[in-house]
Amino acid sequence: MNQKVRVRFAPSPTGPLHIGGVRTALFNYLFAKQHDGVFVLRIEDTDQNRYVEGAEQYIIDALNWCGIPFDEGPGKEGSVGPYRQSERKSLYRQYADALVEKGKAYYAFDTSERLDFHRKDHEAKGKTFIYNWHNRLKLVNSLSLSAEETQQKIDAGKDYVIRFKSPKDETLLLQDTIRGTIRIDTNILDDKVLFKADGMPTYHLANVVDDHLMNISHVIRGEEWLPSLALHQLLYNAFEWNAPEFAHLPLIMKPVGKGKLSKRDGQKMGFPVFPLSWNESLGYREAGYFSETVVNFLALLGWNPGTEQEIFSLTELISNFSLDRVNKSGARFDPDKTKWYNQHYIKEKANDELADLFRPILLEKDISALSFDNAFVERVVSLIKERATFVSDFWQLSHYFFTTPEHYDEKAVRKQWKPDTGSIMNQLVSILKEISDFSSQNLENRVKQWITDNELSFGKVMAPLRLLLVGALQGPHVFDILELIGKEESIKRIEKGIVELG
RNA sequence: GCUCCAUUAGCAUAGUGGCUAGUGCAUCCGACUUUCUAUCGGAAGACAAGGGUUCGAUUCCCUUAUGGAGUACCA
């Protein structure tokens, strides 16, 4: 009974993959890899009306960018393909027919308009219209009609669907790995459509048939499917197939307010909800997040290791992940925490890698950036990366390494530039001119010595010095800045400041 | 409305039938004899409510409240 683990991620290509979808994919991937199993991507495109061009490629690109590629799927054919339901179209009808033959399903001829009418009518009376045992004989279907009438309608080319005949008076005990046992009374179930008038199966039929045909051992999907679990279990029973194990992941909720995370929340609060950009919607990748960040915060959304560890690489996740540590309740999405993760990962990145990412920004800002060699850019990056959350913060944090400050922060000037500051800076210039070893450490020793010898205060020297070098009271260690921009430029900046500030 | 699921601080969570309920993010304060959105240190802050069961419940059961999902010839 030790079946090979095969899981699937089965999105429908109706648009860009939402971050919640990526989380579902990630958990499937982790589970598969942990058990040396196979991660299948299946495209559920049974609804032709909602098909969106490019969505499938987007899904594939997103999974690849996150570093969680599928093992089998479109373009990576295994033995149970094809992996797009539209390409498996011819396969489903026979299964629907088999259920009709077994008396587990039936033909229904009711028009959508008629059903809509019933629903509205019931709603107006404060009731819910359920197409099932209690009214199916009053509707137009092969159970209420004679065999001849049914055949007549079919021959006449009337539109019909195939509905599942859900049983009466049964209590179902469903198993969910995350939630345990769930009791369902079958009387409240409706006779779901399995096969549509357009010749396509509905999600429910296609899903169960494909999971069976693809030997899926574990179905890990979003909580929005929990209400369908009864139907799916009933279908497996009707086909006399073994059902896979089910695990329903908690939903991802909006950062504030109620409801699940939506595209609008991202726009309103300024954070991405998609892994990659899609038209006007910004993606995590384009917003400057690393894939490590996305994987890490997604993993902790609805799951935790039971320890205090919060930083996980993909490989660590594979060995630590487990379905029984997945939470039952919805996980609120926290954009601040995602930034915290990126801040962590930016510090871990190698300086040369960050320098490569920074170069295009430098080019955009100033052509002369070209003249700075890699070693210099890497050195700058090493000094500022711990204060950055994104590579896009780098310029703001380091522009003074590349260009002479044009203005001085007014508030800082008012606070730090005293009448005697000019003359102190003048003295400092003459001290700096005498120093030939312009290393940070040596500069610090010499300047501090000079300050003590002359009984000056550190504040009176260091703050104005920083102001003249940087243009504001920010940045890393002053002596590191001096060393990096060099003797000539340092002195130039101080002299320029003395002239401008008096 | 009905069905199912959930409920530990602002947020994410750990944990236990019985010591001061642990951690991270955010917040506030301090330190780093100069800056900081960095780092370090510290502070404040929670078991939804009411009933049971029990010597004892945040932990088990019930009710209520709140939140979520589903209720389509969409997935």
Side-chain angles (χ1 to χ4, degrees), chain A residues 10-14 44-47 49-50 85 108 110-112 115-116 119 122-123 125-131 159-163 174 176 178-179 182-185 187-190 192-198 200-204 206-207 222-230 248 250-251 253 255-256 258-260 297 300-311 325 327-341 343 347 384-389 393 396-397 409 412 416 448 457-467 470 472-478:
Chain A
S12 109
T14 53
E44 308 230 330
D45 52 354
T46 51
D47 185 2
N49 302 325
R50 298 212 303 158
Q85 289 184 330
D110 317 84
T111 61
S112 321
L115 292 175
D116 268 356
R119 279 189 199 101
H122 276 64
E123 203 185 329
K125 292 174 187 160
K127 292 195 276 186
T128 308
F129 176 79
I130 307 180
Y131 200 130
D159 272 355
Y160 65 88
V161 299
I162 297 175
R163 283 183 181 272
L174 308 170
D176 177 279
I178 295 168
R179 281 152 225 280
I182 299 163
R183 292 173 71 94
I184 297 283
D185 173 2
N187 288 339
I188 54 110
L189 263 26
D190 62 344
K192 278 269 182 282
V193 172
L194 300 178
F195 205 84
K196 299 186 268 188
D198 67 358
M200 285 294 254
T202 60
Y203 167 83
H204 299 103
N207 186 263
E223 191 184 320
E224 67 268 27
W225 295 110
L226 197 51
S228 314
L229 179 57
H248 291 87
L251 262 15
M253 316 304 288
V256 292
K258 20 175 152 172
K260 60 175 180 180
F297 81 70
L300 276 283
L301 223 44
W303 172 83
N304 77 81
T307 65
E308 273 156 24
Q309 185 176 353
E310 296 201 83
I311 301 295
R325 292 211 63 90
N327 282 74
K328 298 187 189 72
S329 55
R332 205 177 268 280
F333 183 78
D334 183 356
D336 284 337
K337 193 84 184 230
T338 66
K339 288 186 185 164
W340 179 77
Y341 274 115
Q343 201 174 292
K347 269 182 273 188
I384 54 151
K385 70 174 177 181
E386 68 168 23
R387 305 158 165 358
T389 301
D393 297 335
Q396 201 276 323
L397 290 167
D409 182 70
Q416 304 294 348
K448 284 190 169 174
S457 83
F458 279 83
K460 281 197 148 184
V461 179
M462 304 302 286
L465 173 57
R466 173 182 294 278
L467 184 61
V470 174
L473 296 179
Q474 56 150 302
H477 199 48
V478 174

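Letters A, B, ... mirror the listed sequences (proteins, then strands); counts begin at 1.
Within 3.5 Å, a donor on the side chain of R387(A) pairs with an acceptor on the base of rC36(B), or the reverse.
Using a 4.0 Å heavy-atom criterion, one finds that R179(A) contacts the sugar-phosphate atoms exclusively. At a threshold of 4.0 angstrom between heavy atoms, the contacts of V470(A) with the nucleic acid are absent. H477(A) comes within contact range of at least one nucleobase, with a heavy-atom separation under 4.0 Å.
Position along RNA chain B of the nearest nucleotide to T389(A) versus R466(A) favours R466(A) as the more 5'-ward residue.
Annotation: side chain to side chain donor-acceptor pair (under 3.5 Å) contacts of K448(A) (sequence neighbours excluded): E444(A). With sequence neighbours left out, D116(A) forms a side-chain contact (heavy atoms from CB on, under 4.5 Å) with R119(A). Not a single side chain to side chain donor-acceptor pair (under 3.5 Å) links E386(A) to another residue, sequence neighbours left out. Applying the side chain to side chain donor-acceptor pair (under 3.5 Å) criterion to D334(A), with sequence neighbours excluded, gives no partner residue.
Between F333(A) and F297(A), the ring-plane angle classifies as perpendicular under the 30° and 60° cut-offs.
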Checklist line | Nucleic acid footprint by protein, nucleotides 69-75 of chain B - heavy-atom cut-off 4.0 Å, B for base, S for sugar-phosphate alone | finding: SS-SBBB
Check: Taking protein heavy atoms under 4.0 Å as touching, what does nucleotides 39-49 of chain B look like 5' to 3' if B marks base contact, S marks sugar-phosphate-only contact and - marks none?
Finding: S----------
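In the set rC25(B), rU7(B), rC5(B), the nucleotide with an atom closest to the side chain of S329(A) is rU7(B). Comparing rU34(B), rU3(B), rC11(B) against the side chain of R332(A) picks out rC11(B) as the nearest.
The pairing partner recorded for rC28(B) is rG42(B), the criterion being a Watson-Crick or G-U wobble arrangement whose two distances lie under 3.5 angstrom.
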